[in-house]
Amino acid sequence: MNQYVNKEPFLAWYRSVSKAEPASEEQILYEVFTQYGQTHREEFELPGDRTKSGQPERYPFRFEHLNCCGADQVIITF
């Protein structure tokens, strides 16, 4: 189960820098989770070809993976 903490400022940032139509909250958060799985960097990057500025935009976060009693929990804090 994934938990996202303080996501509202991140979602506002994402929508302000993205040149695409606003994606759903679930799509945006899934993109963060997937990108972390690929890069293992605690920084979300929106590539320049997807931003209004044409430059890569980045937003830091903290990733925690808790495994207690066989239950996995991921906490992403923005």
Side-chain angles (χ1 to χ4, degrees):
M1 178 176 184
N2 297 344
Q3 180 180 355
Y4 299 91
V5 178
N6 201 26
K7 64 185 175 183
E8 290 78 15
F10 168 74
L11 293 169
W13 167 85
Y14 184 101
R15 290 187 172 112
S16 74
V17 300
S18 176
K19 69 179 180 182
E21 290 295 317
S24 73
E25 178 179 305
E26 293 80 22
Q27 289 172 313
I28 295 169
L29 296 175
Y30 181 75
E31 188 175 353
V32 172
F33 181 77
T34 302
Q35 188 176 105
Y36 176 81
Q38 295 169 347
T39 67
H40 298 284
R41 290 182 34 203
E42 292 183 340
E43 179 179 70
F44 178 77
E45 181 176 319
L46 196 58
D49 63 339
R50 295 179 52 204
T51 66
K52 292 175 185 175
S53 69
Q55 300 297 316
E57 301 281 353
R58 295 173 181 83
Y59 198 99
F61 63 87
R62 188 174 70 237
F63 185 93
E64 298 174 83
H65 180 216
L66 308 175
N67 186 348
C68 179
C69 308
D72 272 339
Q73 182 176 13
V74 169
I75 301 172
I76 295 177
T77 305
F78 297 100

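If you're wondering where the values come from, they're calculated on a predicted model, not measured in any experiment.
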**OP:** Assess whether side-chain hydrogen bond (donor to acceptor under 3.5 Å, both in side chains) is satisfied between Glu31 and Thr34, documenting all intermediate values.
**Re:** CA-CA 5 Å; Glu31 188 175 353; Thr34 302; over 6 Å; no

Okay, side chain of [X], backbone of [Y]: is any donor-acceptor separation there less than 3.5 Å?
| X | Y | value |
| --- | --- | --- |
| Gln35 | Glu45 | yes |
| Lys19 | Ser53 | no |
| Ser18 | Arg15 | no |

Answer whether the closest heavy-atom distance between the side chains of [X] and [Y] falls below 4.5 Å.
| X | Y | answer |
| --- | --- | --- |
| Tyr59 | Leu46 | no |
| Phe78 | Leu29 | yes |
| Asp72 | Met1 | no |
| Ile75 | Val5 | yes |

Subject >> Result of checking Phe61, Tyr4, Phe10, Tyr36 against Phe44 for ring-ring contact (aromatic ring centres under 6.0 Å, His included) >> reply: Phe10

Original post:
Looking only at heavy atoms, which two atoms of Pro9 and Asn6 are closest? And how far apart?
Top reply: CD-O, 3.2 Å

Original post:
Regarding Gln3 and Gln73, is there a side-chain donor-to-acceptor distance under 3.5 Å anywhere?
Top reply: yes

Output the distance between atom [atom1] ([X]) and atom [atom2] ([Y]), rounded to the nearest 0.5 Å.
| X | Y | atom1 | atom2 | answer |
| --- | --- | --- | --- | --- |
| Gln38 | His40 | CD | NE2 | 9.0 Å |
| Arg58 | Gln55 | CZ | CD | 9.5 Å |
| His65 | Asn2 | NE2 | CG | 9.0 Å |

**OP:** Could you tell me whether Arg50 and Glu57 make a salt bridge, using a distance below 4.0 angstrom between a side-chain N and a carboxylate O?
**Re:** no

Original post:
Going hydrophobic residue to hydrophobic residue with side-chain gaps under 4.5 angstrom, can you get from Phe33 over to Trp13?
Top reply: yes

